[in-house]
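Take a look at the structure set out below.
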2 protein chains.
Amino acid sequence: MASIKDVAAEAGVSVATVSRVLNDHPSVSADARTRVLAAVEALGYRPNAVARSLRTDQTRTLGLVISDVLNPYFTELARSVEEEARALGYSVIIGNADERPELQDHHVRTLLDRRIDGLLVSPTDGGSPLMLDAVRAGTPMVFVDRWIPGVDVPVVRADGRAAVRDLVAHLHGLGHRRLAIIAGPAATTTGSERVEAFRDAMAECGLPLPDAYIGQGDFQADSGRRVTEGFLELAEPPEVVFAADNLMALGALDAVRARGLRIPDDIALAAFDDIRWFVHTDPPITAIAQPTGELGRAAVRALVDRIEGRPPQSVTLPARLVVRRSCGESAPQEPSPATNRRQP
Amino acid sequence: MASIKDVAAEAGVSVATVSRVLNDHPSVSADARTRVLAAVEALGYRPNAVARSLRTDQTRTLGLVISDVLNPYFTELARSVEEEARALGYSVIIGNADERPELQDHHVRTLLDRRIDGLLVSPTDGGSPLMLDAVRAGTPMVFVDRWIPGVDVPVVRADGRAAVRDLVAHLHGLGHRRLAIIAGPAATTTGSERVEAFRDAMAECGLPLPDAYIGQGDFQADSGRRVTEGFLELAEPPEVVFAADNLMALGALDAVRARGLRIPDDIALAAFDDIRWFVHTDPPITAIAQPTGELGRAAVRALVDRIEGRPPQSVTLPARLVVRRSCGESAPQEPSPATNRRQP
DNA sequence: CCTCCTCGTGGAATCGATTACACGGAGGAT
DNA sequence: ATCCTCCGTGTAATCGATTCCACGAGGAGG
């Protein structure tokens, strides 16, 4: 592969001049510029990003460590992150932690070794020493979706409290009294926050929330299934199951189906995170929708601000309730197919 | 951030010795080794992968350019690719082409600039000059899922012909005669192959396939919707719609639903690519399942073989028909919930 | 005509690693 | 005692860029 030296030789100038042309530095004669450009063209030369990074100490690359690529929520997040990053001239390297702290650490380490310019993380746990060290060492970082309390890092996330309150009120209005939740890992902020919001909302409605109605999941489908089976075996099973993410809702669906029960007649179901398939499940699932794309874009903007020396800003956007039929009657018709990919 | 020089100074040895310890080169005294290791620990030193790559001319990184991250099929593929690559000591950088050739080229270029050791591609189109150049220049490359005919690059893919034949036979057995297909872009191999397989299978069953029953989609949900609307407006609409990928099936579902029609009573639906949600849609969707994880793993193995100087092998695995209820009666019960994440 | 700037250019240092080569000392063979 | 091997180690070249600094030419101003 041709290097800058080859280009210099071909154009009959020094490597310094070639470099100047490539980085359009002002003081290059028109003559030299055209000769260099011709040589670049002739040799099919492309600058070596590795060498450039070594010298300039910047990679124009962002790392994104997400908890689970198979979760459509994170996939969408990843997509919007890459899109915005590209618009700002950065590449993104995605690491999939698969909800496993040690895998998360592996990716953080690898990304740091590659000297990425900044890190976007949706932490799987309460904070690995590695990540804390990285923050202390000054690595530009932004948390997205989930965060680690007590760490001075901007957070870009959705606030679901109001939407959870709306959901509980909606369920209450439908006559449901025994509501259960499949919680996410307490070590994640989204895991604990959603339970808390649910608990508060229940209290507001004057509904009891026995411990047996709080199932411990791990944001994966299997746990949703397991917890739901547990609920169904209770002497007094809940009337509604609220899954704290879409995958656990999928698991719950599996469990209900395996029992031969019907939704919403035998048991109702709602989920945190709205995904396109919820429109087409049997029945369509009531969910809390996050402004996922906007979160990803805002996170990138915050991180790039931090990298380029501007003060980064934390962002909190509201989530909203989307009522469908999985919790009982009185659901409005979906206004239009929710298939539009790029939403404003 | 500490460099190898700092470690050398701290340990009282030369950088060469530090490097030797780090790459466990044999000729280093036990004493020097412990002193270096202690220094590494004390300084929290991590080798700079950028510098190392520049010197050794290898990044231990693979590029993966897929057509659409939002497509669960590709997400799963990406996941298995990353998993296998990690097991072999490589990282993966994913580029999302979003079914747009120019975006695909952007990613290929960026990955090449970063001097990735090899490229895994599922081409969006019939072959950009850029990619052809890269192959000619000797970049290790492997096509996965889709490929470019006439290019000497190993291909790892699933063969759906038998499964499509099974599907058509199944539909025929159910009494359906008017079958339509939502095809993918003809520029992609999967796009044209699936139509061809369908056409052949129809011929085998002695069924006609009028042009009006071949709708042109682009593997995105919107096109599935649009094409399905077209089908429904025909004087004689098809009895079955077969979508060549899962997203177009989603779009078809939208269209059917918007019309207030019922599946399978008013119209039947089948899809290429099986995804977890198809179990829970209304009704569960008959689909052709690919051994996605195995494809990803085989592709990585082939690419790494090529990179490390072993002869790479093309791999073709069979896809299989999974019958559910979206095409009519006589569907067997799903044996067990299809929620298990890691399938053998 | 001399001095001073400005401009375009090239030489060379530098980033942080790896590695070929040289070198000194220890130990074995003669 | 001399020579030859190894072994452990350090010096320095190298990868491909960027960029500081110096230098020569040419124009402006005195």
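In the text below, chain A, chain B and the rest are named by the order of the sequence lines, each starting its count at 1.
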Test side chain to side chain contact (heavy atoms under 4.5 Å, CB included) on B:V151 and B:L132; report intermediate values, then the result. CA-CA 8 Å; B:V151 181; B:L132 275 354; 3.6 Å; yes
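Here side chain to side chain donor-acceptor pair (under 3.5 Å) pairs that include residues 41-51 of chain A, with residues two or more places apart or in two chains, are A:R46-B:D113.
With respect to the salt-bridge test (charged N to carboxylate O, under 4.0 angstrom), the residues A:E76 and A:R79 do not qualify. Checked for salt-bridge contact, B:R301 and B:E294 meet the test: a charged N lies under 4.0 Å from a carboxylate O. For the pair B:D31 and B:R35, the salt-bridge criterion is met [side-chain N within less than 4.0 Å of a carboxylate O].
Annotation: of the two residues near DNA chain C, B:L22 and A:T56, the 5′-most nearest-nucleotide partner is A:T56.
Regarding B:M1, its CE atom lies at a distance of 15 Å from the C1' atom of C:dA17, rounded to whole Å. Atom CG in B:N48 sits roughly 18 Å away from atom P in D:dC15 (whole-Å rounding). As a whole-Å value, the separation of B:N23 CG from C:dG16 P is 17 Å. We find that CG of A:L54 is positioned 17 Å from P of D:dT14, with the value rounded to whole Å. Atom CG in B:L43 sits about 15 Å away from atom C1' in C:dG16, given to the nearest Å. D:dG16 atom C1' lies 7 Å from atom OH of A:Y45, rounded to whole Å. Atom P of nucleotide D:dT18 and atom CD of A:Q58 are separated by 11 Å, given to the nearest angstrom. A:R52 places its CZ atom 18 Å from the P atom of C:dG16, with the value rounded to the nearest Å.
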Along nucleotides 9-14 of chain C, 5' to 3', which nucleotides get a B, which get an S, and which get a -, given that the test is a protein heavy-atom distance under 4.0 Å? BBB-BB
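Residue-environment remark: CG (B:D57) stays at or below the threshold of 12 foreign heavy atoms within 6.0 Å. Around the CD atom of B:Q58, the shell of radius 6.0 Å holds more than 12 heavy atoms that belong to other residues, nucleotides or ligands. In this structure, B:E308 places its CD atom where more than 12 heavy-atom neighbours from other residues, nucleotides or ligands lie under 6.0 Å away. Within a 6.0 Å sphere centred on CG of A:D152, heavy atoms belonging to other residues, nucleotides or ligands number 12 at most.
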Between protein and nucleotides 23-25 of chain D, what N or O pairs are separated by less than 3.5 Å?
none

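A:S3 comes within 4.0 angstrom of the backbone, heavy atoms only, and of no base.
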